[in-house]
Amino acid sequence: MLSKHVNPEAIVKESRDKKDHKKHAHLLTQSDPGKLTHTYGARYGTASLPKYQIPSQGIDADQAYQLIHDELALDGSPTLNLASFVHVWMPDAANKLMMENLSKNLIDQDEYPMTQAIHTRCVSILAELWNAPSVKSAIGTATTGSSEAIQLGGLAMKRVWQEKRKKAGKSIHEPGPNIVMGANAQVALEKFARYFECEMRLVPVSVESHYRLDPKRAMEYVDENTIGVYVILGSTYTGHYEPVKEMAALLDEYEAKTGHSVPIHVDGASGAFIAPFATPKLEWDFKIPRVVSINASGHKFGLSYVGVGWVVWRSHEFLPKDLIFELHYLGSVEYSFSLNFSRPAHPIIAQYFNFLHLGFKGYRDIALADLANARTLSRALEASKYYTVLSDIHRPIDGISSAVSAVVGSDVEQYRPGLPVVSFRFSDEFKGRYPDIQQRWIQVLLRAKGWIVPNYELPPELESIEILRVVVKENMTEALVDRLVGDIIEVTEELTKQDSPSRALATLGSSTHKPTHQEAHHGKLQSEGEETDGVTYSGTYSKQC
């Protein structure tokens, strides 16, 4: 009888040529699935290397490169990774500049003064781009990404709240601080609440609220212990911008009635590098007095490689001095307000390269092209009748008919603002006709063609809705959009031709490269099947391990 599970590493070990272990007793020469065999047979040597321990003897640099290079070839293609917001391409000149500065540490301000000057210029550029009242009064810093930037923004709001409570003679512990955000918040926002001991108040989202924060409903969660509201300029689920101006207006009314001032931190991880260029008339930034800080990811629509984020405060008063550290042991007096210390300087240099190389017009041209391609994909999916699109960037704004928008064509001001993100699901008509077809199969079949398109549930109260999502980035050209549409239609129609889709797709779960059984248990926070006693799934972009 066939076994229900075959251990591939065990059978490979048994299938290899038997070696005389008396002659080859050294660890490096034993055949074991826990080791790496030199690539291309004997060309680079015949000895194996351990996978999970440092080898007792190293190998040639070219050999090490080839071994690692070949294993990484099993990764998905960054170009076809439509799940990620992270930018994956820069010009050769930028690559050269980054390589020249690869070894510089941003924190060493005295040793690398020009690098620090470039960092300061970037902060000033962003403060002006986001309409800070005074570029000289604004303060900010580079981070490793938006996650760290969000922690800093939240931490500053919490500290300001604590100082106000202490001055008023009130407790900062009972009942303690809370922060309000939509249930569609990305995991970084939840991390702040959990790591920095702040009650997280998630506002349920709905179809009526366009799958994002509903400001009126959010006010039900605000009280005197609310340190601030996270408002997201570009939901990771559907790309919708949350209404910053409307949220601020309601908080203004609340302060007038109660005397409690609740600030807003705008999570512009993606949108803060799209809205200023594509829809500059949209009010969401420091033009709104209640917005005290904004973060963004330079490695998303800032068009830099992964490793750079930004956070800017409208003025020094919103970044408490006790969060800024004065350093004396690097050769001069230096200042730091970040969660980590050392960080590579080359991502910041790459960001500055983009500012100089692209300018406002270059960023705008790219943003408009991304949105145009996203609109094309959205319309094509809906035209197929197989899918319903949940994102709205292809829909005309209120008061403009579809006929008028068709004439206007590429005028972005005629469409609802949002990220170049396309979220879609099976149409009700399709589900009614083919109830046995599961939407997640589309993800698997597209992966077999090289495309990485995630399928996942919406936040609480909408978790019964599954969506597929495509992030349209600069490298997602018209030609790739055409090919993607063709492949989506092809795999969808192939499923409808099967007499029993369940049987046809039963084995598709193993069609992608996955870690081996042994590798799956190395370096993991939790083993498969192991129970956790942490907090229950909150509904943000994270789930319990």
Side-chain angles (χ1 to χ4, degrees), residues 130-133 138-139 149-186 188-205 209 212-233 235 241-268 272 283-295 311-320 323 540:
W130 298 336
N131 294 297
I139 186 172
I150 286 167
Q151 317 297 310
L152 293 172
L155 192 57
M157 291 193 299
K158 179 181 177 182
R159 192 57 54 89
V160 169
W161 174 85
Q162 288 176 327
E163 290 176 356
K164 287 181 178 179
R165 296 282 293 182
K166 289 177 181 177
K167 287 180 180 178
K170 297 180 179 180
S171 172
I172 63 173
H173 303 295
E174 297 295 337
N178 67 73
I179 190 163
V180 176
M181 66 190 83
N184 58 309
Q186 205 261 0
L189 283 70
E190 180 183 352
K191 277 186 176 181
F192 162 73
R194 195 183 298 183
Y195 289 176
F196 292 97
E197 298 180 331
C198 189
E199 180 193 353
M200 178 176 59
R201 295 185 174 179
L202 290 177
V203 182
V205 300
S209 72
R212 62 182 184 179
L213 178 75
D214 180 343
K216 292 181 180 179
R217 197 169 182 183
M219 292 306 300
E220 300 172 9
Y221 295 77
V222 173
D223 59 27
E224 65 175 302
N225 297 304
T226 301
I227 66 169
V229 179
Y230 277 140
V231 184
I232 306 168
L233 196 73
S235 170
Y241 290 163
E242 294 186 337
V244 184
K245 189 175 181 180
E246 184 182 344
M247 188 74 249
L250 292 175
L251 290 172
D252 288 343
E253 294 176 8
Y254 177 78
E255 182 177 2
K257 292 178 181 178
T258 65
H260 301 309
S261 179
V262 179
I264 289 176
H265 173 92
V266 175
D267 173 19
E283 294 185 57
W284 64 273
D285 54 20
F286 290 127
K287 284 183 178 179
I288 301 172
R290 196 161 292 278
V291 174
V292 299
S293 50
I294 300 171
N295 71 273
V311 58
V312 177
W313 287 267
R314 68 182 301 117
S315 66
H316 288 71
E317 66 180 291
F318 297 104
L319 179 62
L323 293 180
T540 65

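Values reported hereafter were calculated over all heavy atoms of this structure, with side chains retained and with hydrogens, waters and symmetry mates removed.
Taking each heavy atom of R290 and A248 in turn, the nearest pair found is NE-O, 3.8 Å. Considering every non-hydrogen atom in both L319 and A156, the closest pair reads CD1-CB, 4.2 Å. Considering every non-hydrogen atom in both V244 and W284, the closest pair reads CG1-O, 3.4 Å. Of all the heavy atoms in V222 and T226, the pair that sits closest is CA-OG1, 3.5 Å.
The shortest side-chain heavy-atom distance between C198 and F192 falls under the 4.5 Å cut-off. Side chains of V229 and Y221 form no contact here, defined as non-hydrogen atoms less than 4.5 Å apart. With a 4.5 Å cut-off on side-chain heavy atoms, T258 and E224 do not count as touching. Between M157 and Y230, the closest side-chain pair of non-hydrogen atoms falls below 4.5 Å. Side-chain contact between V312 and F286 is present, with at least one heavy-atom pair separated by less than 4.5 Å. Side-chain contact check for F318 versus I139: every heavy-atom pair is 4.5 Å or farther apart. Counting only heavy atoms from C-beta outward, the side chains of I179 and H265 never approach each other to under 4.5 Å. Contact annotation: the side chain of L251 approaches that of I264 to within less than 4.5 Å [non-hydrogen atoms, C-beta and beyond].
Between the CG atom in L189 and the CD1 atom in I232 there is a gap of 5.5 Å [rounded to 0.5 Å]. Remark: L250 CG to K245 NZ distance equals 12.5 Å, nearest 0.5 Å. The line from CG of N295 to CH2 of W130 is 7.0 Å long, rounded to the nearest 0.5 Å. Between the CG atom in D267 and the CD1 atom in I150 there is a gap of 3.5 Å [rounded to 0.5 Å]. Here NZ of K164 is found 15.0 Å from CD1 of I172. Values are rounded to the nearest 0.5 Å.
Side-chain N or O atoms of K158 include none that pairs as donor or acceptor with a backbone N or O of P177 at under 3.5 Å. The backbone N or O of G182 sits nowhere less than 3.5 Å from a side-chain atom of R212 that would complete a donor-acceptor pair.
Side-chain N/O atoms of R165 and Q162 include no donor and acceptor closer than 3.5 Å. Side-chain atoms of E199 and N225 include no donor-acceptor pair closer than 3.5 Å.
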Problem set entry | Audit row: E242, N184, side-chain contact (heavy atoms from CB on, under 4.5 Å) steps and yes/no | CA-CA 10 Å; E242 294 186 337; N184 58 309; 3.1 Å; yes
For this session: Go through the steps to decide whether R194 and M200 satisfy the test side-chain contact (heavy atoms from CB on, under 4.5 Å), and finish with yes or no.
Result: CA-CA 8 Å; R194 195 183 298 183; M200 178 176 59; over 6 Å; no
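Between K216 and E246, no side-chain nitrogen of the basic residue sits less than 4.0 Å from a carboxylate oxygen of the acidic one, so the salt-bridge criterion is not met.
The aromatic rings of H260 and Y254 lie tilted to each other, with the angle between the two planes from 30° to 60°.
A side chain to side chain contact (heavy atoms under 4.5 Å, CB included) with D214 is found for exactly one of P243, S209, P204, namely S209.
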